[in-house]
Amino acid sequence: MLVLVVNCGSSSLKYQVRELEPGADGGTVLTSGLIENIGSSRIQDHTQALELLAGRLGTELDGRTVDAAGHRVVHGGERFSAPVLATPEIIRDIERLVPLAPLHNPAAVLGLRAVQKTWPQLPQVCVFDTAFHRTMPEHVWRYAVPERFYEHWGIRRYGFHGTSHDWVTGQAADFLGIPRERFRAVVAHLGNGASVTAIRDGRSYDTSMGYTPLAGLVMGTRTGDLDPSVVTAVLRRDPEMTPERLDAVLNKESGLRAVAGDHDMRAVQEAAERGDERAELALEMAAYRLAKYVGGYHVAVEGAQALVFTAGIGENAAPFRKRVCDRLGALGVRLDDDANAARARGTRRISAPGSALEVLVVPTDEEQAIAAATAALVAG
């Protein structure tokens, strides 16, 4: 089976085609690419982008055709707790969730409709970032706000990066030889967007992101956890500040960028090594926040067996991993500095002998997870 994995942004379309054998996890990548500048004079909309993609695939796949398409959808709300086959009704339901993810779900809807128009008979599967976190108990996902906030507007904690957290959890449990249903861990998905999840019995028990991806860790351009009164104070004191403008500030102009002047962890690390005090402060803030979450989630899962780093920063920023683990001595975490610094591919152990928690680096592969879920659903 050939599965086209689609990840739509508002002005871009990232794609990958995988060939899967029956029972395979994620298959072999046959081709991948990115179409940018959607909405410009060259590529007017996502439908035109899909037409361009169809032409590319005809060449890149030597005339073979795809059998199904899998879409990453950021927000499934309470409606979706597992991957689903896309129908017109399902697409409308995803569109109704746009207020919960105004930066992400509209692009997913455009991608779904564009594929539907380009390949009308092609089965499509929606894989939701939020679905993995639907196992959180109510006392974890509830906010202590008036009931109408939840009943009328769906205001609760949802969590994100679920496809990655789910995939990495399975890979880590397999690596350690622990049955997934007995696996307890803290998984840190660290990229420009970052979240950490408490894994209890192989499932999400708690996670740092909340109603939106803004909550939790200090990120590249997002604040992470913030006293809500900061929002009301700024709106009262700055007559030119609107809710829309403040939302942009908190999501796109904060985090590492606000403190260190750059959202790229590599640049911030290099600046800190040159003695830049603001860069050092930014790294300390980010590491401290993550270490706090690790400690709290260690308690939440009643004793984690592993701490797992994944995604761009988690997989590649050895100095930041060390900075975090050095704060976890009270948990008995001991890092093998040579293993941590080594450049290696694949899942690997970076904890020292005698560490109370296994510390792993596990490469994430959301496309592989989406392809596997799509193939399983389409195959029935």
Side-chain angles (χ1 to χ4, degrees), residues 5 16 18 20-21 23-29 32 72 127 129 132 161-191 193-205 207 217 265 290-291 293-294 297-298 301 303-326 328 331-373 376:
V5 179
Q16 187 180 95
R18 287 180 178 260
L20 291 92
E21 300 296 332
D25 283 339
T28 303
V29 178
S32 62
R72 177 191 179 226
V127 180
D129 265 8
F132 180 61
H161 296 140
T163 306
S164 174
H165 285 294
D166 187 12
W167 173 260
V168 167
T169 295
Q171 295 296 302
D174 286 348
F175 180 83
L176 294 173
I178 300 172
R180 178 162 176 158
E181 64 273 15
R182 296 209 298 267
F183 187 48
R184 304 183 310 278
V186 180
V187 177
H189 175 107
L190 307 179
S195 63
V196 57
T197 292
I199 302 297
R200 186 168 173 172
D201 300 327
R203 304 189 300 174
S204 174
Y205 184 82
T207 192
L217 304 177
M265 174 63 78
L290 175 54
Y293 267 100
V294 172
Y297 285 174
H298 182 62
V301 303
Q305 296 157 311
L307 167 61
V308 184
F309 291 95
T310 192
I313 293 170
E315 295 171 32
N316 299 300
F320 186 72
R321 292 195 300 259
K322 177 173 172 54
R323 194 182 286 261
V324 173
C325 290
D326 283 351
L328 299 175
L331 300 184
V333 172
R334 301 289 181 268
L335 203 62
D336 181 326
D337 289 337
D338 291 336
N340 181 50
R343 293 186 177 276
R345 301 176 68 88
T347 298
R348 61 193 189 276
R349 178 185 283 105
I350 60 171
S351 48
S355 179
L357 277 70
E358 298 274 15
V359 183
L360 307 180
V361 176
V362 179
T364 191
D365 195 336
E366 292 172 276
E367 288 80 9
Q368 187 169 354
I370 291 168

Which heavy atom of [X] sits nearest a heavy atom of [Y], and at what distance?
X	Y	result
Pro363	Thr347	CD-N, 3.7 Å
Leu290	Leu217	CA-CD2, 3.8 Å
Val5	Ala371	CG2-CB, 3.9 Å
Asp365	Trp167	N-CD1, 3.6 Å
Val127	Ala373	CG2-CB, 4.1 Å
Glu366	Thr163	O-CG2, 4.0 Å

Given 3.5 Å as the limit, does a donor-acceptor pair link the side chain of [X] with the main chain of [Y], or not?
X	Y	value
Arg334	Ala352	no
Asn340	Ala318	yes
Ser32	Gln16	no
Ser355	Leu357	yes
Thr310	Val362	yes
Glu315	Thr364	yes

Test log, rule side-chain contact (heavy atoms from CB on, under 4.5 Å), inputs Phe320 and Leu190: CA-CA 10 Å; Phe320 186 72; Leu190 307 179; 4.0 Å; yes

Can you list the residues that meet the side-chain contact (heavy atoms from CB on, under 4.5 Å) rule with [X], with sequence neighbours excluded?
X	result
Asn316	none
Asp326	Lys322
Arg203	Thr135

Pairs flagged by salt bridge (charged side-chain N to carboxylate O under 4.0 Å, His left out) wherever residues 341-356 is involved - sequence neighbours left out: Arg349-Glu358

Measure the [atom1]-[atom2] distance between [X] and [Y] for me, rounded to the nearest 0.5 Å.
X	Y	atom1	atom2	answer
Asp166	Asp129	CG	CG	11.0 Å
His165	Thr197	NE2	OG1	3.0 Å
Leu335	Arg323	CG	CZ	13.5 Å

Stepwise side-chain contact (heavy atoms from CB on, under 4.5 Å) check, Ile350 with Arg321: CA-CA 10 Å; Ile350 60 171; Arg321 292 195 300 259; 3.7 Å; yes

Whether Tyr293 and Tyr297 hold their rings parallel, tilted or perpendicular, with breakpoints at 30° and 60°: perpendicular

Chi angles and distances behind the side-chain contact (heavy atoms from CB on, under 4.5 Å) call for Asp201, Glu181: CA-CA 5 Å; Asp201 300 327; Glu181 64 273 15; 5.6 Å; no

Pairwise side-chain contact, Leu307 with Cys325, heavy-atom cut-off 4.5 Å (strictly under): yes

In a table with atom names and distances, give each donor-acceptor pair under 3.5 Å that connects a side chain of residues 182-189 to protein atoms at least two apart or in another chain.
from   : atom 1 : to     : atom 2 : distance (Å)
Arg184 : NE     : Gly303 : O      : 2.6
Arg184 : NH2    : Gly303 : O      : 3.1
His189 : ND1    : Ser164 : OG     : 2.8

Non-neighbouring partners of Phe309 that pass ring-ring contact (aromatic ring centres under 6.0 Å, His included), sequence neighbours left out: none

